[in-house]
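Everything on this sheet refers to the single structure shown next.
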Amino acid sequence: MSLFSKNNEGTAASQIYNGPKKTGIRLFFELLGRKFWKLIELNLLYSLFYIPLVLSFTLFFQIKNTTVALTVSLIMMLIFAVLVGPATAGMTKVMRNYVIERNAFMVSDFFQSFKENFGRAFVVGFVDVLICASVYSGFIIYPALARQYGSFIYVALVLTFSVSIVVAMMNFYAFLMIIATDLSFKDLLKNSFSLVILEMKKNLLTFIISLVIIVAVALLPIFVSFTFVFILPFFPAAFVWFIVCFNSYPIVQKYVINPYYTSIGKVNPELSDESEDDSFEPICKDMSAFEEPVAKRKKGKGKRIS
C-alpha cells in the first residue's frame with residue numbers, strides 16, 4: 001500500500017474540504033503547500049524541547065571534571081527524556097488538526113495537549129529514549145563481542161535492530177491515540193502493535209521515507225558544510241511527523257475511532273462538516289464493552305481492535 005494511496009478511507013480532510021475531493025498525493029502536497037510555513041514554525045517550537053539534549057552533549061565535552069561533566073550531562077538527558085514525549089504529543093495535536101483540515105492555534109493547542117496528555121506521553125517518550133540508548137549501545141557492544149566470541153553474536157544485533165524498527169513504527173500510532181482517545185497505556189501499546197502489523201507495508205514505507213529524510217539532513221553537516229546544522233531547528237522534525245500523521249491517522253480512524261462511534265450509533269464528528277474544531281471529546285477507554293458477538297466474519301472485511 002502506497003504512502004499516498006488513493007482509497008475510499010482517505011483522510012478526514014478529503015471528506016470535509018470545501019471543494020473537489022482530493023486524496024493521496026494531490027491532497028498531501030496541497031496540505032504541505034498550505035501549511036509549509038506553519039510546519040517550520042512548529043518545528044522551531046518543538047526544537048526548544050531538544051535544548052536539554054544538545055546541552056547534555058555540549059557540557060559533557062566542555063566541563064573538564066569528568067565526574068561533574070557526567071552528572072550534568074545525565075541531568076540534562078533526564079530532563080529531555082521527561083519532556084520529549086509530552087512535546088511530541090503537543091506537536092501531534094497540531095498536526096492532527098492540519099491533516100483533517102481543522103483550525104489549529106499552534107501555541108495554545110501545543111501546550112494544551114502537552115499538559116493534558118503529559119502522563120501517557122511522558123511514559124512513551126521515556127521508553128523511546130531508553131530504547132534509543134539501548135540500540136546505540138548495542139551497535140557498539142555487539143560487534144566487539146562478536147570479534148571476541150564469534151559472529152553468532154550478530155544475531156542479537158539484528159534482533160535489537162528489528163525491535164527498534166517495530167517500536168519506531170508503534171510511535172506512529174501511540175501519540176495519535178494519546179491525543180485522540182482516552183485509552184490506557186496498556187491498550188495504547190496493544191493497539192499500536194496491532195496497527196503496525198495490520199498495515200505493515202504502509203508503515204514500512206512511512207518509516208523508510210522518514211529515515212531517508214532524517215539521515216540526509218543529518219549527513220549534510222558532515223559531508224557538505226557544518227552550517228547545515230542550523231537548519232535543524234526549522235527542519236525536518238515537523239515535516240517528517242506531518243508525513244507520519246497524514247499516513248497513519250486515517251488508520252487510527254478506521255480501526256479505533258470510527259468503530260467506536262458506529263457502535264453507539266453516531267458518526268465520528270471528525271468526519272462531519274457540522275462539528276466544531278474541538279467539539280468532539282476523546283473516545284472512551286474500553287471499547288470492547290460496545291462490541292456484539294458476530295456469528296460469522298466474512299473473509300476480507302475490515303478489522304476492529306479495541
Side-chain angles (χ1 to χ4, degrees), residues 38-63 68-98 104-137 164 167-186 188-189 192 210 213-214 217-218 229-245 248-249 282:
K38 290 292 184 182
L39 292 180
I40 291 178
E41 294 175 17
L42 184 57
N43 200 112
L44 183 60
L45 177 60
Y46 183 65
S47 296
L48 295 177
F49 294 88
Y50 276 74
I51 292 177
L53 180 64
V54 175
L55 289 176
S56 176
F57 290 102
T58 303
L59 295 176
F60 181 78
F61 291 106
Q62 287 188 346
I63 299 176
V68 174
L70 185 59
T71 301
V72 173
S73 181
L74 288 176
I75 291 174
M76 291 294 102
M77 184 66 74
L78 182 61
I79 293 173
F80 169 74
V82 170
L83 296 179
V84 67
T88 303
M91 181 170 66
T92 304
K93 173 68 176 294
V94 177
M95 206 69 72
R96 189 276 304 266
N97 287 344
Y98 287 167
F105 302 94
M106 183 186 300
V107 177
S108 60
D109 285 350
F110 184 101
F111 285 104
Q112 180 185 12
S113 182
F114 181 98
K115 179 180 178 181
E116 292 178 350
N117 302 300
F118 188 92
R120 292 179 298 166
F122 153 69
V123 175
V124 174
F126 198 86
V127 170
D128 285 341
V129 171
L130 291 179
I131 291 176
C132 288
S134 299
V135 171
Y136 176 76
S137 300
S164 67
V167 171
M169 292 190 293
M170 287 175 64
N171 276 268
F172 297 168
Y173 302 102
F175 284 103
L176 283 168
M177 286 188 285
I178 283 174
I179 61 99
T181 75
D182 221 2
L183 292 168
S184 66
F185 184 70
K186 176 183 176 182
L188 279 174
L189 293 181
S192 297
S210 302
I213 294 174
I214 293 171
V217 173
V229 76
F230 295 105
I231 72 171
L232 294 178
F234 309 97
F235 183 88
F239 291 86
V240 167
W241 206 239
F242 177 75
I243 294 172
V244 169
C245 292
S248 301
Y249 193 62

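Just so it is clear, the model here is predicted, and its values are computed rather than measured.
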Show me the donor-acceptor pairs within less than 3.5 Å that the side chains of residues 72-90 make with the rest of the protein, sequence neighbours left out.
| unit_1 | atom_1 | unit_2 | atom_2 | d |
| --- | --- | --- | --- | --- |
| Ser73 | OG | Ser56 | O | 2.9 |
| Ser73 | OG | Ser56 | OG | 2.8 |
| Thr88 | OG1 | Tyr46 | OH | 2.8 |
| Thr88 | OG1 | Val84 | O | 2.7 |

If you count every heavy atom of other residues, nucleotides or ligands that lies below 6.0 Å from Phe126 atom CZ, does the total exceed 12? no
Tyr136 atom OH, over 12 foreign heavy atoms within 6.0 Å: no
When you compare the side chain of [Y] with that of [X], does any pair of heavy atoms fall below 4.5 Å?
| X | Y | value |
| --- | --- | --- |
| Val94 | Leu45 | no |
| Phe110 | Met91 | yes |
| Met170 | Val124 | no |
| Val244 | Trp241 | yes |
| Ile179 | Glu116 | no |
| Arg96 | Phe175 | no |

Could you tell me whether the side chain of Asp109 and the main chain of Phe105 form a donor-acceptor pair under 3.5 Å? yes
When every non-hydrogen atom of Lys38 is compared with those of Met106, the smallest separation belongs to O-CE, 3.2 Å
Atom pair [atom1]/[atom2] of [X] and [Y] - distance to nearest 0.5 Å:
| X | Y | atom1 | atom2 | answer |
| --- | --- | --- | --- | --- |
| Leu189 | Tyr173 | CG | OH | 15.0 Å |
| Leu42 | Leu39 | CG | CG | 6.5 Å |
| Ile131 | Ser164 | CD1 | OG | 8.5 Å |
| Lys186 | Leu188 | NZ | CG | 12.5 Å |
| Leu70 | Leu59 | CG | CG | 12.0 Å |
| Ser184 | Arg120 | OG | CZ | 8.5 Å |

Extract all donor-acceptor atom pairs below 3.5 Å that involve side chains of residues 230-239 and protein atoms in other chains or at least two apart in sequence.
none

Please determine whether side-chain contact (heavy atoms from CB on, under 4.5 Å) holds for the pair Ile178 and Thr92, giving the CA-CA distance in whole Å, both sets of side-chain angles, and the decisive distance to 0.1 Å. CA-CA 9 Å; Ile178 283 174; Thr92 304; over 6 Å; no
Please walk me through it: do Phe111 and Val107 pass side-chain contact (heavy atoms from CB on, under 4.5 Å)? CA-CA 6 Å; Phe111 285 104; Val107 177; 3.8 Å; yes
